[in-house]
Amino acid sequence: MAEMSKDTLAELTEVLAQRRAADPDKSYVAKLYSKGQDAILKKVGEEATEVVMASKDQMPDQVVYEVADLWFHSMVLLAWHGKSSQDVLAELQRRFGLSGLEEKASRKS
Ligand SMILES: N=c1c2ncn([C@@H]3O[C@H](COP(=O)(O)OP(=O)(O)OP(=O)(O)O)[C@@H](O)[C@H]3O)c2ncn1[C@@H]1O[C@H](COP(=O)(O)O)[C@@H](O)[C@H]1O
């Protein structure tokens with residue numbers, strides 16, 4: 001089984017960029033791009049709700065499945081803004097090792 005890593009996220013980021021030029025009839029991601037930002041935001045909201053429901057139902061495997069859907073659609077949203085999972089990982093790396101209070105103090109107002 002392929003190892004889930006930063007490389008997996010980077011590879012998916014490349015695919016999401018390639019899909020900007022793809023046929024919406026042949027690609028789920030290209031179809032989502034063609035529908036526009038509101039359609040992407042709708043999916044992010046739906047998937048977040050599905051994470052909540054799976055958790056409340058005490059279904060750990062389903063939580064994993066729904067979080068994968070949420071991460072995926074969040075990555076599509078990042079791509080829409082010209083950002084990527086690498087930017088999010090950089091932000092998490094910046095916070096890593098800071099205490100909660102230090103992290104709060106470091107935030108932009
Ligand atoms: N990781 C994913 C991925 N995760 C989820 N999904 C899609 O996200 C949708 C999840 O939405 P739902 O669970 O609400 O299912 P649904 O009701 O059928 O969704 P809608 O069609 O109504 O939006 C499904 O259609 C899934 O197929 C994904 N579609 C694509 N990818 C990756 O993106 C790559 C590019 O995909 P294409 O653009 O289709 O080539 C693929 O190779 C995959 O690696």
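Keep in mind that the numbers below use all heavy atoms, side chains included, and drop hydrogens, waters and symmetry copies. In listed order, ligands and their atoms are each counted from 1. Numbers for residues simply follow the sequence, beginning at 1.
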Is there a side-chain contact between [X] and [Y] in this structure, where contact means two heavy atoms from C-beta onward sitting under 4.5 Å apart?
X: Leu32; Y: His73; result: yes
X: Leu89; Y: Leu9; result: yes
X: Leu78; Y: Asp87; result: no
X: Phe72; Y: Leu12; result: yes
X: Met53; Y: Met59; result: no
X: Ser55; Y: Val52; result: no
X: Lys26; Y: Arg19; result: no
X: Arg107; Y: Arg95; result: yes

Polar contact flag for [X] and ligand 1 (N/O pairs, less than 3.5 Å):
X: Val29; result: yes
X: Lys43; result: yes
X: Lys26; result: no
X: Arg19; result: yes

What protein heavy atom is closest to [atom], reported as residue, atom name and distance in Å?
atom: atom 38 (O) of ligand 1; answer: Ser27 OG, 2.5 Å
atom: atom 5 (C) of ligand 1; answer: Asp69 OD1, 3.2 Å
atom: atom 44 (O) of ligand 1; answer: Leu12 CD1, 4.0 Å
atom: atom 39 (O) of ligand 1; answer: Tyr28 N, 2.8 Å

Under 4.0 angstrom from [atom], is there any protein heavy atom?
atom: atom 25 (O) of ligand 1; result: yes
atom: atom 11 (O) of ligand 1; result: yes
atom: atom 41 (C) of ligand 1; result: no
atom: atom 20 (P) of ligand 1; result: yes
atom: atom 35 (C) of ligand 1; result: yes

Under-4.0 Å heavy-atom contact with ligand 1, by part of Leu16 that carries it: neither
Ligand 1-proximal atoms of Phe72, by part, heavy-atom distance under 4.0 Å: side chain
Close-contact set for ligand 1 against Val15 heavy atoms, below 4.0 Å: 34 (C), 35 (C)
4.0 Å heavy-atom contact, Lys31 with ligand 1: no
Linked, directly or transitively: Ile40 and Tyr28 (ILVMFWY side chains, under 4.5 Å): yes
Closest contact, heavy atoms only, Val51 versus Val67: CG2-N, 3.8 Å
Closest non-hydrogen atom pair between Val76 and Leu16, with its separation: N-CD1, 3.9 Å
